[in-house]
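Order of the sequence lines fixes the chain letters, A, B, ..., with proteins taken first and strands second; residue numbering starts at 1 for each chain. For the numbers below, each heavy atom of this structure counts, side chains included, while hydrogens, waters and symmetry mates do not. None of these values were measured; they are calculated from a predicted model.
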Protein chains: 2
Amino acid sequence: MAQLSDNIEQFIKELMREDAHIELRRNELAHHFGCAPSQINYVLATRFSVDHGYIIESRRGGGGYVRIVRMTTRDEPNFLDTLLNRVGNSVNEETANAIITNLNERKMITDREAALMRSAVSRNALALPISAKDVLRAAVFKNMLIQAFKNLEEDERDDV
Amino acid sequence: MAQLSDNIEQFIKELMREDAHIELRRNELAHHFGCAPSQINYVLATRFSVDHGYIIESRRGGGGYVRIVRMTTRDEPNFLDTLLNRVGNSVNEETANAIITNLNERKMITDREAALMRSAVSRNALALPISAKDVLRAAVFKNMLIQAFKNLEEDERDDV
DNA sequence: GTATATAATAGTCAAAGATGGTCAATGGAG
DNA sequence: CTCCATTGACCATCTTTGACTATTATATAC
C-alpha cells in the first residue's frame, strides 16, 4: 500500500526531476499531505539522507525553508559512499591525508581545497585537550585560515 | 522565500555596489519598505556587522543618518592577524560563518572553499561528545567530503 | 547670547510571530 | 511480534514590531 511517506518521497523526487536542488516549506508540504510537519522530517531522514545521495539544509524562523540538494555521483556510481566508508567512524591523519592527496591527484579537488582539508583534519587542528566545542572550532577554523592565506601572493586568488 | 530582511539587505548591497560607503536615513528606508524603523537596525546587526566586513556609523537628531562602510583589505594591514584575532581562542558557528561569507564575497576564497570551511566548523562536524580525536576527525572529514562532492555538475572543476 | 523647549532622528530590548527540529509514544502493516 | 510510519508536545532559531530611550538640531524665551 502506498504509504504516506512513499507519496511524499515521490512528490519530492518529482519536484527534483529537473533541478538538482529544491526549496520547500516544511509546513506547506505537511499541509499539502495533511500530516504532521515532523512527518516531513521523517521522510527526509529516511529517504533523503546522505547515504541516499542527498543533503538537507534548512533554516528556521520567518522565511524559513528546507533545501534538498541532490549530490551527483560521477563516473563511479557510489563514489561518495566509497569515500565515506573508507573514512568510517574513525580515521587517522595519515589515511585522511592519503585520501585527500588521491582526490587532488585525480583533479577532483584543487590544491587549495586539498590544503584546506588537510588543515582541517590535521593533528594540529584536532589534537587538543578540550571540552568546549567553541574552543575546538576555533582551532580548526584558525588552521584553515592560515592555510588559505599563508601564501597570499603566491596564489592566483583572482583566477579561482 | 524573499524575506523583508533579505530584501533590505539586497537593497543596501545594491546601493553599495559602486561606493564603499553610503549614508541613509533610517526612517526613510523603513518607510520605503513599510516596516518598523528598528527593522533596519536588525538588518544592520545581522548582515552588516564587523564580522560581515562592514562598519556602521550613525548620528541621531535632526539631519541624522546611518553610514555603512565596507571595510577593505587596506583597512587591515595584517589581514591574517586581524582574522585570527577575530576568531580568538573560541568562536561560535555564527561568527565563523559570517567571516567565511565575507571572505567569499570579497572573492578571497571560492564558493567551494567557503563551503569547505563552513562544513569543517559546522555544529554537525564538531558538536560531538568527543573523546577520541580520530572520531572527531572522521566527522570533520566526512563533512568536508560531502560538501566537496554535493554538486559536481554545477562546478567547473576543470577550470580551477 | 544663553537656556530651554520642541522636533527630528536613531538605538535598545523584550515580546510576539513564523518557521523548522527532536524525540518519545503510539499506530499499523507484514 | 517487529519494524517502519505517524503524531504531538516541546524546543530552537530567525524575523518583525512597538514601547521606551538617547541624541542632536532648531526654534523660542529671556
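- Using a 4.0 Å heavy-atom criterion, one finds that B/Gly64 contacts the sugar-phosphate atoms exclusively.
- Using a 4.5 Å heavy-atom threshold, the side chains of A/Tyr42 and A/Arg47 count as touching.
- Side-chain N or O atoms of B/Ser49 include one that pairs as donor or acceptor with a backbone N or O of B/His52 at under 3.5 Å.
- Formation of a donor-acceptor pair under 3.5 Å by the A/Arg26 side chain with backbone atoms of A/Val66 is not found in this model.
- Spacing between atom CG of B/Leu4 and atom P of C/dT19 amounts to 13 Å, rounded to whole angstrom units.
- Spacing between atom CG of B/Asp6 and atom P of D/dT15 amounts to 7 Å, rounded to whole angstrom units.
- Per the geometry, CG belonging to B/Asn92 stands 14 Å off C1' belonging to D/dT13, to the nearest Å.
- Judged purely by distance below 3.5 Å, without hydrogens or angles, the side chains of A/Thr101 and A/Asn104 never pair a donor atom with an acceptor atom.
- The nearest heavy atom of DNA chain C to B/Arg60 and to A/Gly61 marks one nucleotide each, and the one closer to the 5' end goes with B/Arg60.
- Of the residues in residues 22-49 of chain B, those lying under 4.0 Å from DNA chain C by heavy-atom distance are B/Arg25, B/Arg26, B/Asn27, B/Ser38, B/Asn41.
- Note: the hydrophobic cluster containing A/Met16 also contains A/Leu29 (ILVMFWY, side chain heavy atoms under 4.5 Å, direct or indirect links).
- Screening A/Val50, A/Val69, A/Leu44 for a side-chain contact (heavy atoms from CB on, under 4.5 Å) involving A/Ile56 leaves a single residue, A/Leu44.
- With hydrogens and angles disregarded, no donor-acceptor distance shorter than 3.5 Å links the side chain of A/Glu14 to the backbone of A/Phe11.
- Rounding to whole angstrom units, CD of residue A/Gln3 and P of C/dA29 are separated by 7 Å.
- Atom pair B/Glu9:CD and D/dT16:C1' shows a separation of 16 Å (rounding to whole Å applied).
- A/Ile8 has its CD1 atom 14 Å from the C1' atom of D/dC4, to the nearest Å.
- A donor and an acceptor atom never sit less than 3.5 Å apart when one is taken from the side chain of B/Arg59 and the other from the base of C/dA10.
- Looking only at distances, a side-chain donor or acceptor of B/Arg25 sits under 3.5 Å from a matching main-chain atom of B/Gly64.
- For the atom pair NE2 (B/His21) and CE (B/Met71), the distance works out to 15.0 Å, reported to the nearest 0.5 Å.
- Between its two ends, the helix from C/dG1-D/dC30 to C/dG30-D/dC1 turns its axis by 10°, counting five pairs per end and rounding to 10 degrees.
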